[in-house]
Amino acid sequence: MKKSVLFGALTVAGLAATAAAAGTLDDVKARGKLNCGVATGVPGFATPDANGVWNGFDVAVCRAVAAAVLSDPMAVEFVPTTGKTRFTALASGEIDMLARNTTWTFSRDVDLKFTFVGVNYYDGQGFMVPKELGVSSAKDLDGATVCIQTGTTTELNLADYFRINNMSYEPVPIETNAEAQQQYLAGACDVYTTDASGLAATRATFEDPSAHVLLPEIISKEPLGPLVRHGDDEWGDVVRWSLNALIAAEELGVSSANIAELSKGTDNPEINRMLGTEGTLGEMLGLDAEWAKRAIMAGGNYGEVFAKNIGENTPIGLARGLNAQWKDGGLQYAPPFR
């Protein structure tokens, strides 16, 4: 009884500090499996197929980390989390990392005691409405009913936007993307608001996607990326640099098609250091020399992962936009491997 009361009184931050002290890298190695928190299901980002195998843009980050640490991209236990449950799952140690459409914010970083290791998708909050509603701008939504996921940044963003524009709305609280889709299509709300990428992913699953409109307004900055617990810097480095390896690989021209040849050695010292033919970067991480090679081979470089799961030639149909490499006018930029 006393233990239950004590556990219930602990804050998310307290849980995070306790779990981080254990040393996640050693735990994952000993377990032989990575426990990775993902969304309950967002097409293109994280969904299980008919055989229960998880795939998607966020899933690829988990698999890259598993490949780097355990030499097996399939050595992952995927734990579906909602907006409400995701932070407790990470803080308590139920999962080793969270790779889910989660926005890097001040309070989550500082108050909840999490470390965001990077941004794998630069996003912003948008609005989707049925075309038959005849709405062409978010400024026309005064008095609308709005489906919104609880426990997310979208709640505060929505309240701020409507207040600034002197409009009113009636929230329809939901917990998962699947529930939002069901309620929206059933007419329980006029509008569904979440990250624009999530809206595009959801609309792609509709019987008639063309009957629904994504309004032009983007009302927030939503830098989405994987996170770990504060105080476990060794593990944070592993997840951070596994993501950086995918981003740097695209910039440096390393892909699933040529990595086997390039890993024999090249004239580019940075490629050599990243792929382990020069230097001791793997040793610095507590891994072997080929950790980054395996991370990249798990699903390809960042551009390949994007194109396969959510790119313009997929049903999701997202352009690179801000998620293009910095050389191409985007924001994706990996620190040097040196």
Side-chain angles (χ1 to χ4, degrees), residues 38-50 54-59 80 82-83 100-101 103 121-155 157-159 161-162 165 167-220 222 224 306-323:
V38 290
T40 53
V42 178
F45 286 86
T47 51
D49 64 18
W54 284 81
N55 295 287
F57 183 76
D58 289 330
V59 166
T82 68
R100 181 192 186 283
N101 48 329
T103 304
Y121 194 91
Y122 290 94
D123 210 343
Q125 185 174 335
F127 300 92
M128 178 168 62
V129 299
K131 183 180 289 185
E132 65 180 16
L133 207 61
V135 172
S136 59
S137 168
K139 301 283 180 65
D140 300 329
L141 295 177
D142 190 18
T145 53
V146 184
C147 280
I148 185 166
Q149 291 190 51
T150 54
T152 65
T153 56
T154 56
E155 287 183 293
N157 294 337
L158 182 68
Y161 182 78
F162 273 71
N165 288 285
M167 299 189 301
S168 65
Y169 68 97
E170 181 182 342
V172 179
I174 47 90
E175 289 200 24
T176 67
N177 187 66
E179 183 185 352
Q181 177 176 329
Q182 181 182 25
Q183 294 282 69
Y184 171 77
L185 290 177
C189 53
D190 303 314
V191 188
Y192 179 28
T193 183
T194 188
D195 299 334
S197 65
L199 295 176
T202 300
R203 184 175 66 167
T205 67
F206 292 172
E207 185 175 340
D208 182 10
S210 66
H212 303 270
V213 178
L214 302 186
L215 299 180
E217 288 86 358
I218 299 295
I219 67 169
S220 69
E222 306 293 332
L224 311 178
F306 193 104
K308 175 184 176 183
N309 293 288
I310 58 176
E312 292 182 288
N313 293 324
T314 70
I316 312 303
L318 294 173
R320 287 291 291 269
L322 295 178
N323 296 291

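Residue numbers start at 1 and run along the sequence shown.
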Query - Derivation of the side chain to side chain contact (heavy atoms under 4.5 Å, CB included) call for V135 and L215 - result: CA-CA 8 Å; V135 172; L215 299 180; 4.1 Å; yes
Query raised in the report: Taking it one step at a time, do E217 and K139 satisfy side chain to side chain contact (heavy atoms under 4.5 Å, CB included)?
Result: CA-CA 9 Å; E217 288 86 358; K139 301 283 180 65; 4.3 Å; yes
Query raised in the report: Minimum heavy-atom separation for W54 to P80, with atom names?
Result: CZ2-CG, 3.8 Å
Query raised in the report: Judged by atom type as modelled, is there a donor-acceptor pair below 3.5 Å linking the side chain of T150 to the main-chain atoms of P173?
Result: no
**Report entry** Considering all heavy atoms, the nearest A180-I174 contact
**Finding:** CB-CD1, 3.4 Å
**Report entry** Nearest heavy-atom neighbours spanning A39 and A46
**Finding:** N-CB, 4.4 Å
Query raised in the report: Roughly how far, to the nearest 0.5 Å, is CG of D140 from CG of L133?
Result: 9.5 Å
Requested in this report: Say whether, by atom type as modelled, one donor and one acceptor occur between the side chain of T103 and the main chain of L224 under 3.5 angstrom.
Outcome: no
Query raised in the report: Do you know the tightest heavy-atom contact between I316 and P43?
Result: CD1-O, 3.7 Å
Report summary line: When rounded to the nearest 0.5 Å, the distance separating CD of Q125 from OG1 of T194 is 7.0 Å
Requested in this report: Let me see the working for N55 and T47 under side-chain hydrogen bond (donor to acceptor under 3.5 Å, both in side chains), right down to the final yes or no.
Outcome: CA-CA 6 Å; N55 295 287; T47 51; over 6 Å; no
Requested in this report: Scan side-chain atoms only and decide if T176 and Q149 contain a donor-acceptor pair under the 3.5 Å cut-off.
Outcome: no
Query raised in the report: Any donor and acceptor pair, going by atom type alone, linking the side chain of N309 with main-chain N or O of F45 inside 3.5 Å?
Result: no
Query - Distance (rounded to the nearest 0.5 Å) between Y169 OH and D142 CG - result: 12.5 Å
Query raised in the report: Looking at CZ of R100 and OG1 of T40, how far apart are the two atoms once the value is rounded to the nearest 0.5 Å?
Result: 6.5 Å
Query raised in the report: Is the ring centre of Y192 less than 6.0 Å from the ring centre of H212?
Result: no
Query raised in the report: Going from CG on L158 to CD1 on I148, what distance comes out if it is rounded to the nearest 0.5 angstrom?
Result: 4.5 Å
Query raised in the report: Taking side chain as C-beta onward, heavy atoms only, is C147 less than 4.5 Å from V172?
Result: yes
Report task. Count the heavy atoms of every other residue, nucleotide or ligand shown that sit under 6.0 Å from CG of D208, and state whether that count exceeds 12. Result -> yes
**Report entry** Steps toward side chain to side chain contact (heavy atoms under 4.5 Å, CB included) verdict (V42, F57)
**Finding:** CA-CA 10 Å; V42 178; F57 183 76; over 6 Å; no
Query raised in the report: Can you name the closest pair of heavy atoms from C189 and T145 and give their distance?
Result: CA-OG1, 3.2 Å
Report task. Measure from the side-chain N and O atoms of D123 to the backbone N and O of S197, and report whether any donor-acceptor pair falls under 3.5 Å. Result -> yes
Query - Nearest atoms (heavy-atom pairs only) where V213 meets R203 - result: CA-NH1, 4.2 Å
Query raised in the report: Do the non-hydrogen side-chain atoms of L322 and Y121 ever get within less than 4.5 Å of each other?
Result: no
Query raised in the report: Could you go step by step and tell me if F127 and L214 meet the side chain to side chain contact (heavy atoms under 4.5 Å, CB included) rule?
Result: CA-CA 6 Å; F127 300 92; L214 302 186; over 6 Å; no
Query raised in the report: Can you name the one residue among T154, T152, N157 that meets side-chain hydrogen bond (donor to acceptor under 3.5 Å, both in side chains) with E222?
Result: N157
Requested in this report: Would you check if S220 and Y161 make a side-chain contact, meaning some heavy-atom pair closer than 4.5 Å?
Outcome: no
Query raised in the report: Will you find, in the side chains of N177 and T202, an N or O donor that is under 3.5 Å from an N or O acceptor?
Result: yes
Report summary line: In this structure, CE of M128 is separated from CG of D190 (nearest 0.5 Å) by 12.5 Å
